[in-house]
J.: 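To start, I am sharing the structure in question, which I have written as structure tokens.
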Amino acid sequence: MVDLADEGDQFVVTADVPGYEKDEIDVQIQNNTLRIRAKHEQEAEEREEALIRSEREHREMRESVTLPEPVDEDNITASCNNGVLTVHLPKKEPTEPGGKKIEVE
């Protein structure tokens with residue numbers, strides 16, 4: 001589950017990532033789209049005399065959130081606590097309407 005909140009000067013995205021360690025979570029932003037990917041792989045093997053037990057676990061989640069306004073990509077922060085990923089995305093400062101005078105020849 002992913003939530004997007006507008007807190008005025010920033011967007012805050014929260015995503016449930018239970019069972020994933022922070023080094024298994026990849027967060028990227030491109031073209032005002034935040035992409036979250038978490039991947040977990042684990043192998044376990046037990047041997048008792050003639051019995052061999054082998055387990056493999058593979059889990060993966062992917063989420064994308066399109067942001068309604070541009071954000072300051074250089075100041076995005078992310079943290080993970082108790083299975084919840086929180087991403088703070090400060091909004092870009094509005095720029096003055098620009099323009100350029102075009103000479104007519």
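For clarity, every value in this text was computed on a predicted model and none was experimentally measured.
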J.: Could you tell me which residues satisfy side-chain contact (heavy atoms from CB on, under 4.5 Å) with Asn75, sequence neighbours excluded, listed by chain and number?
T.: Asp72, Pro90
J.: What salt bridge (Lys or Arg N to Asp or Glu O under 4.0 Å) pairs are there with at least one residue in residues 1-13, not counting sequence neighbours?
T.: Asp6-Lys91
J.: What's the shortest heavy-atom distance between Ser64 and Thr33, and which atoms?
T.: CB-CG2, 4.2 Å
J.: Among residues at least two apart in sequence or on other chains, which ones pass side chain to side chain donor-acceptor pair (under 3.5 Å) with Glu73?
T.: none
J.: Any salt bridge (Lys or Arg N to Asp or Glu O under 4.0 Å) involving residues 14-25? Give me the pairs, sequence neighbours left out, ordered by first then second residue.
T.: none
J.: Checking Arg37 against Glu63 for the side chain to side chain contact (heavy atoms under 4.5 Å, CB included) test, could you report, in this order, the C-alpha distance in whole Å, the side-chain angles of both residues, the deciding distance, and whether it holds?
T.: CA-CA 7 Å; Arg37 180 178 179 216; Glu63 294 288 344; over 6 Å; no
J.: Is the backbone N or O of Gly19 less than 3.5 Å from a side-chain atom of Arg59, with the two atoms forming a donor-acceptor pair by type?
T.: yes
J.: When Ile, Leu, Val, Met, Phe, Trp and Tyr are grouped by side-chain heavy atoms lying under 4.5 Å apart, directly or through other members, which residues fall in the same group as Leu67?
T.: Val2, Leu4, Phe11, Val13, Val17, Tyr20, Ile25, Val27, Ile29, Leu34, Ile36, Met61, Val65, Val71, Ile76, Leu85, Val87, Leu89
J.: I'd like to check the salt bridge (Lys or Arg N to Asp or Glu O under 4.0 Å) partners of Arg35; sequence neighbours left out, ordered by chain and number.
T.: none
